[in-house]
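Notes follow once the structure below has been shown.
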Amino acid sequence: MYHIGFCGDEKYIQYIAVTMYSIVKNTNVSFSYKDKLPYAIVENQNEAEEKYYFHIITDNLSESTVNKISLLEKELNAIYPCSIEIFYAKDEYFKDYSPWRGNYMTYYRLLYPQILPKEVNYYLYLDGDTLVVSDIREIFCEKLDTYAIGAVAQYKLAAQKLQKEILLPQQKGEKRYSFHTHEYYFCAGVMLVNLEKWKEENIEGKVAWFLKKYKARYPDQDALNYAVKNNFKVLDFKYDMYMSGVDKEIVHDAEKQLKQYGVDLKPYAEPCVLHYMQKPWSSSPYLFSNSMAVYNEYIPLWWEYAEKTPVFSAELMAFRHSEAYQRIIARCEERKKRYEKYWYFYWLRKYFSLWKEQALYWINSLR
């Protein structure tokens with residue numbers, strides 16, 4: 001009944017496994033959401049079993065990893081009904097687009113409307129760098145109504161900077177594009193999708209046009225924001241909490257900003273979905289921001305879930321205790337000491353960088 005999609009390669013599967021485990025682990029097995037859903041998320045919903053259908057789109061997996069996923073499915077199913085299905089895609093599908101970070105994996109999420117069963121009306125997409133810390137079924141109770149996408153608006157956190165970016169066209173002589181006409185911007189790492197509206201509004205066609213037209217910094221995410229502009233359901237911040245773990249005041253400030261546009265969110269509460277911009281497997285628990293080294297309480301939390309994730313826990317914890325990861329920790333500790341000793345220098349560098357961004361934006365706008 002609850003369809004949840006992921007994308008990832010061989011290396012990323014272990015992180016997706018942690019996310020799936022966190023979903024199942026935090027599902028209240030004594031409570032049913034079946035009668036609380038505001039719409040039919042699948043056909044014949046009344047007869048459908050309340051169950052998670054996990055989907056993974058990948059390019060290629062070894063036989064060993066496929067076997068591990070099969071074992072993971074059995075372990076998770078013993079906690080709460082679920083299944084895991086693997087879909088294979090090829091980079092050739094996206095040959096007309098520019099690669100992002102050396103590959104085309106980020107575009108794979110755009111395939112879900114094509115590959116999900118016809119009886120599925122709604123699905124949730126999650127990045128593999130997320131952790132679910134409360135019952136995720138609650139998000140399926142959100143009313144999308146006339147919206148193709150439900151997502152968290154990152155107005156204060158990200159949109160201000162993105163609004164200043166001017167995207168260059170792929171071909172010379174074409175017009176540039178800027179998000180300054182957008183009131184807010186959403187992260188595509190957590191999306192509740194209404195498939196009927198997605199197809200009705202031709203989101204796929206609009207995304208394809210945008211990606212062929214412009215050189216985007218965050219290709220699929222920028223394209224999706226272009227396709228829906230401000231016409232998406234704004235979800236509460238708890239469904240995509242990043243950076244909030246280190247500075248909850250940012251969330252309060254963002255909520256106030258959104259109210260200016262008529263978006264009245266519920267008061268800040270404990271998160272449901274943590275989105276790790278700072279990857280736990282490649283960083284220490286410290287976030288270096290605003291001239292300070294700030295402790296991120298959610299990094300150790302991710303490792304707690306990783307240690308308990310069936311099938312994959314051994315390899316995850318082996319990496320945590322490896323020399324490679326310890327070197328990462330050591331570098332971060334040294335950086336923390338520098339921040340504490342030379343905080344004033346970092347403060348000046350930050351504001352010089354902001355001034356430089358403003359100047360470049362002003363210069364580009366005059367061209």
Side-chain angles (χ1 to χ4, degrees), residues 2-13 15-20 23 41 52-61 84-117 120-132 136 139-140 144 147-152 154 158 185-199 201-212 216-228 232-233 235 239-240 242 273 275-277 279:
Y2 303 106
H3 289 264
I4 302 176
F6 302 91
C7 295
D9 58 14
E10 175 90 14
K11 182 180 178 180
Y12 224 70
I13 294 298
Y15 310 135
I16 293 174
V18 177
T19 304
M20 290 193 288
I23 290 172
I41 61 176
Y52 290 124
Y53 293 87
F54 295 123
H55 309 277
I56 302 173
I57 302 180
T58 185
D59 53 353
N60 185 42
L61 295 179
I84 304 175
E85 187 172 9
I86 303 170
F87 297 96
Y88 292 97
K90 297 181 180 179
D91 287 349
E92 286 76 9
Y93 297 161
F94 308 102
K95 62 182 180 180
D96 293 333
Y97 307 153
S98 300
W100 192 66
R101 296 182 178 176
N103 59 63
Y104 295 87
M105 187 62 65
T106 190
Y107 299 112
Y108 283 21
R109 77 191 71 194
L110 302 173
L111 296 174
Y112 271 108
Q114 301 176 32
I115 66 176
L116 287 175
V120 177
N121 299 320
Y122 294 80
Y123 77 95
L124 175 67
Y125 175 81
L126 292 175
D127 274 349
D129 57 355
T130 55
L131 190 73
V132 176
I136 194 62
I139 197 173
F140 287 94
L144 292 189
Y147 300 105
I149 293 174
V152 172
Q154 305 295 342
Y185 182 98
F186 69 85
C187 172
V190 180
M191 295 188 298
L192 184 63
V193 179
N194 178 340
L195 285 170
E196 181 181 357
K197 293 300 296 182
W198 176 287
K199 295 170 183 176
E201 296 179 11
N202 189 28
I203 300 299
E204 182 179 349
K206 293 175 182 177
V207 165
W209 181 88
F210 181 91
L211 290 172
K212 292 176 182 178
R217 175 176 289 191
Y218 308 104
D220 58 313
Q221 183 168 282
D222 284 352
L224 286 167
N225 274 274
Y226 162 79
V228 300
F232 66 94
K233 173 64 181 290
L235 303 180
Y239 292 123
D240 192 357
Y242 62 86
V273 180
H275 197 171
Y276 289 89
M277 303 294 102
K279 311 306 181 206

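Hydrogens, waters and symmetry mates play no part in the numbers below; they use all other heavy atoms, side chains included.
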Residue pair [X] / [Y]: nearest heavy atoms and the distance that separates them:
{"X": "L192", "Y": "I139", "answer": "CD2-O, 3.4 Å"}
{"X": "L61", "Y": "E10", "answer": "CA-OE1, 3.2 Å"}
{"X": "I4", "Y": "F140", "answer": "CG1-CZ, 4.2 Å"}
{"X": "D222", "Y": "A216", "answer": "OD2-CB, 3.4 Å"}
{"X": "A151", "Y": "C187", "answer": "CB-O, 4.4 Å"}

Output yes when a side-chain donor or acceptor of [X] lies under 3.5 Å from a complementary backbone atom of [Y], and no otherwise.
{"X": "Y112", "Y": "H55", "value": "yes"}
{"X": "W100", "Y": "M105", "value": "no"}
{"X": "R109", "Y": "A188", "value": "yes"}
{"X": "T58", "Y": "G8", "value": "yes"}

Next on the checklist: Determine whether F54 and T19 satisfy the following criterion, side chain to side chain contact (heavy atoms under 4.5 Å, CB included), listing intermediate values before the conclusion.
Outcome noted: CA-CA 11 Å; F54 295 123; T19 304; over 6 Å; no
Checklist entry - Going through the distances and angles, do L224 and L110 end up as a side chain to side chain contact (heavy atoms under 4.5 Å, CB included)? => result CA-CA 9 Å; L224 286 167; L110 302 173; 4.2 Å; yes
Next on the checklist: Under the criterion side chain to side chain contact (heavy atoms under 4.5 Å, CB included), I'd like the reasoning laid out for F186 against D240: C-alpha separation, chi angles, the key distance, then a yes or no.
Outcome noted: CA-CA 10 Å; F186 69 85; D240 192 357; over 6 Å; no
Supply the atom-to-atom distance [X] [atom1] to [Y] [atom2], rounded to the nearest 0.5 angstrom.
{"X": "I57", "Y": "F6", "atom1": "CD1", "atom2": "CZ", "result": "12.0 Å"}
{"X": "L235", "Y": "Y147", "atom1": "CG", "atom2": "OH", "result": "10.5 Å"}
{"X": "K90", "Y": "Y104", "atom1": "NZ", "atom2": "OH", "result": "15.5 Å"}
{"X": "W198", "Y": "I149", "atom1": "CH2", "atom2": "CD1", "result": "5.0 Å"}
{"X": "L195", "Y": "K199", "atom1": "CG", "atom2": "NZ", "result": "5.5 Å"}

Do the side chains of [Y] and [X] get nearer than 4.5 Å, heavy atoms only?
{"X": "I84", "Y": "I56", "value": "yes"}
{"X": "Y2", "Y": "L124", "value": "no"}
{"X": "Y125", "Y": "C7", "value": "yes"}
{"X": "I23", "Y": "L126", "value": "yes"}
{"X": "Y185", "Y": "Q221", "value": "yes"}

Next on the checklist: Under 6.0 Å between ring centres: does that hold for Y108 and Y93?
Outcome noted: no
Item to check | Ring geometry between Y15 and Y12 (parallel below 30°, tilted from 30 to 60°, perpendicular above 60°) | outcome: perpendicular
Item to check | No-hydrogen, no-angle side-chain donor-acceptor test under 3.5 Å, N121 and Y123 | outcome: no
Item to check | Donor-acceptor side-chain pairing of Y276 and D127 below 3.5 angstrom | outcome: no
Checklist entry - Mind checking what makes side-chain hydrogen bond (donor to acceptor under 3.5 Å, both in side chains) contact with K279, not counting sequence neighbours? => result D129
Item to check | E196, CD atom: more than 12 neighbouring heavy atoms under 6.0 Å | outcome: no
List the atom pairs, donor and acceptor, that lie under 3.5 Å between side-chain atoms in residues 201-211 and the rest of the protein, sequence neighbours left out.
{"unit_1": "N202", "atom_1": "OD1", "unit_2": "G205", "atom_2": "N", "d": "3.2"}
{"unit_1": "E204", "atom_1": "OE2", "unit_2": "Q114", "atom_2": "NE2", "d": "2.9"}
{"unit_1": "K206", "atom_1": "NZ", "unit_2": "E201", "atom_2": "O", "d": "3.3"}

Next on the checklist: Holding to ring-ring contact (aromatic ring centres under 6.0 Å, His included), I want the full list of residues that pass it with Y53, two or more places apart in sequence or in another chain.
Outcome noted: H3
